[in-house]
Amino acid sequence: MSGSFDASSGPPPAPRDLAGLARLLRGLPPSCGPVRLVGIDGHAGSGKSTLAGRLAKALGGAPVLHLDDLADHDALFDWAGRVLDQVIAPFSRGEPARHRIYDWEHRVFDRARTLPPAPVVLVEGVGAGRRALRPHLAHLLWTDLPREEAWARGRRRDGPRLADFWDGWERAENRHFAADPSRPHCDHLVRPCPEGYLVLSGPRGADDDTPLVHRE
């Protein structure tokens, strides 16, 4: 069971920088075998992958599981079983995880990746804090960008060629979060800002905030 999702206590105070956040995560009890699984959730286009990359660096090269690798065109959100079978189950036994990777251009799972049962493993993607995964998470972060702003950023990033895909994605994401919201269960909100990030205690904690500054 998760070390952070303890109803008797809220999450610790917001750290002051990425190094502090890394120390906080390393100090959590393991949540999946020897692994501290840390979810990074938020709307599509909100900057989850960027945050995961910077946090992984602060953690000394922590592995990152990208949930886009386990989804596919026919199962935008119906991938929880793959994560449980291919990642959670082996980690819970202290073994490396090996998951298949979906090629979004050719619409086929054509590769595989091995993830070591490292002390901290980041899981980033829309739905990382979903109901099926929460019991196995040590901590849950939410990239706190408004839905419309995040989607607009994603559309600009992907260009007009993927406009039809985004139309379908937005409907699917709305359905997913209506049925299985993550934000109410997060430990900390992480808001992108010009200076880096602002970290706020999540809905599970008190209304405390601390600037989390990260500069390249």
Side-chain angles (χ1 to χ4, degrees), residues 1-18 20-32 35-52 54-55 58-59 64-65 67 77 79-80 83-84 88 120-154 170 172-193 195-214:
M1 289 294 290
S2 161
S4 71
F5 291 98
D6 180 355
S8 65
S9 64
R16 296 187 177 277
D17 53 24
L18 284 182
L21 181 56
R23 286 193 297 272
L24 182 155
L25 298 176
R26 289 193 195 99
L28 295 172
S31 59
C32 185
V35 177
R36 296 153 184 84
L37 278 182
V38 177
I40 302 177
D41 206 336
H43 297 293
S46 62
K48 298 177 299 301
S49 296
T50 299
L51 175 61
R54 292 174 176 175
L55 186 53
L59 285 160
V64 180
L65 172 65
L67 292 174
F77 289 96
W79 41 256
V83 178
L84 293 171
I88 301 295
V120 180
V121 176
L122 306 178
V123 181
E124 74 84 15
V126 181
R130 68 190 305 167
R131 188 179 301 113
L133 302 189
R134 282 199 299 272
H136 308 283
L137 297 179
H139 208 74
L140 178 59
L141 304 173
W142 176 273
T143 50
D144 203 36
L145 203 66
R147 178 182 60 186
E148 290 75 13
E149 183 178 349
W151 286 350
R153 285 176 50 172
E170 290 175 3
E173 185 180 304
N174 273 335
R175 288 193 299 269
H176 169 73
F177 281 133
D180 192 354
S182 300
R183 193 179 187 277
H185 304 279
C186 73
D187 294 288
H188 287 107
L189 308 174
V190 184
R191 293 180 181 170
C193 60
E195 294 78 21
Y197 296 100
L198 178 69
V199 173
L200 308 174
S201 292
R204 296 186 61 253
D207 294 329
D208 176 37
D209 59 56
T210 303
L212 168 61
V213 177
H214 178 90

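- What you find for P29 and A138 is that their closest heavy atoms are O-CB, 4.0 Å.
- For the pair W142 and L200, the minimum side-chain heavy-atom distance is 4.5 Å or more.
- Distance check: L51 CG to T143 OG1 gives 7.0 Å after rounding to the nearest 0.5 Å.
- Applying the side chain to side chain contact (heavy atoms under 4.5 Å, CB included) criterion to R26, with sequence neighbours excluded, gives A22, R23, L59, V120.
- A pairwise comparison of heavy atoms in G129 and D41 identifies N-OD2, 2.9 Å as the closest pair.
- The two atoms that bring A179 and P181 nearest to each other are C-CD, 3.7 Å, heavy atoms only.
- In this structure the side chain of H188 reaches within 4.5 angstrom of the side chain of H139, judged on heavy atoms.
- With a 4.5 Å cut-off on side-chain heavy atoms, L65 and L122 do not count as touching.
- Contact check for L141 versus D187: no side-chain heavy atoms found under the 4.5 Å cut-off.
- Listed by chain and residue number, nothing satisfies the side chain to side chain contact (heavy atoms under 4.5 Å, CB included) test with E148 (two or more places apart in sequence, or in another chain).
- Contact annotation: the side chain of V38 never approaches that of V121 to less than 4.5 Å [non-hydrogen atoms, C-beta and beyond].
- You'll find the side chain of V123 stays beyond 4.5 Å of the side chain of V64, heavy atoms only.
- Considering only heavy atoms from C-beta on, R153 comes within 4.5 Å of L145 through its side chain.
- Residues S182 and R130 approach most closely at OG-N, 3.7 Å, considering heavy atoms.
- The main-chain N or O of L28 is found under 3.5 Å from a side-chain atom of R36 such that the two form a donor-acceptor pair.
- A search for side-chain hydrogen bond (donor to acceptor under 3.5 Å, both in side chains) contacts involving R183 returns D144, not counting sequence neighbours.
- Put simply, CD1 on I40 and CG on L55 are 5.5 Å apart, with the number rounded to the nearest 0.5 Å.
- Between the side chain of E173 and the main chain of H43, no donor-acceptor pair closer than 3.5 Å is present.
- A 4.5 Å side-chain heavy-atom check between L133 and L84 finds at least one atom pair inside the cut-off.
- What you find for I88 and H136 is that their closest heavy atoms are CG2-ND1, 3.6 Å.
- With sequence neighbours excluded, the residues satisfying side-chain hydrogen bond (donor to acceptor under 3.5 Å, both in side chains) with E170 are R155.
- Ring-plane geometry between H176 and F77 is classed as parallel, the angle between the planes falling under 30 degrees on a 0 to 90 degree scale with a further cut at 60.
- Rounding to the nearest 0.5 Å gives a distance of 8.0 Å between CZ of R134 and CG of L140.
- A donor-acceptor distance shorter than 3.5 angstrom exists from the side chain of S31 to the backbone of L37, with no hydrogens or angles considered.
- Considering every non-hydrogen atom in both A128 and G39, the closest pair reads CB-CA, 4.3 Å.
- Every side-chain hydrogen bond (donor to acceptor under 3.5 Å, both in side chains) that R147 has, sequence neighbours left out, goes to N174.
- A search for side-chain hydrogen bond (donor to acceptor under 3.5 Å, both in side chains) contacts involving W79 returns nothing, not counting sequence neighbours.
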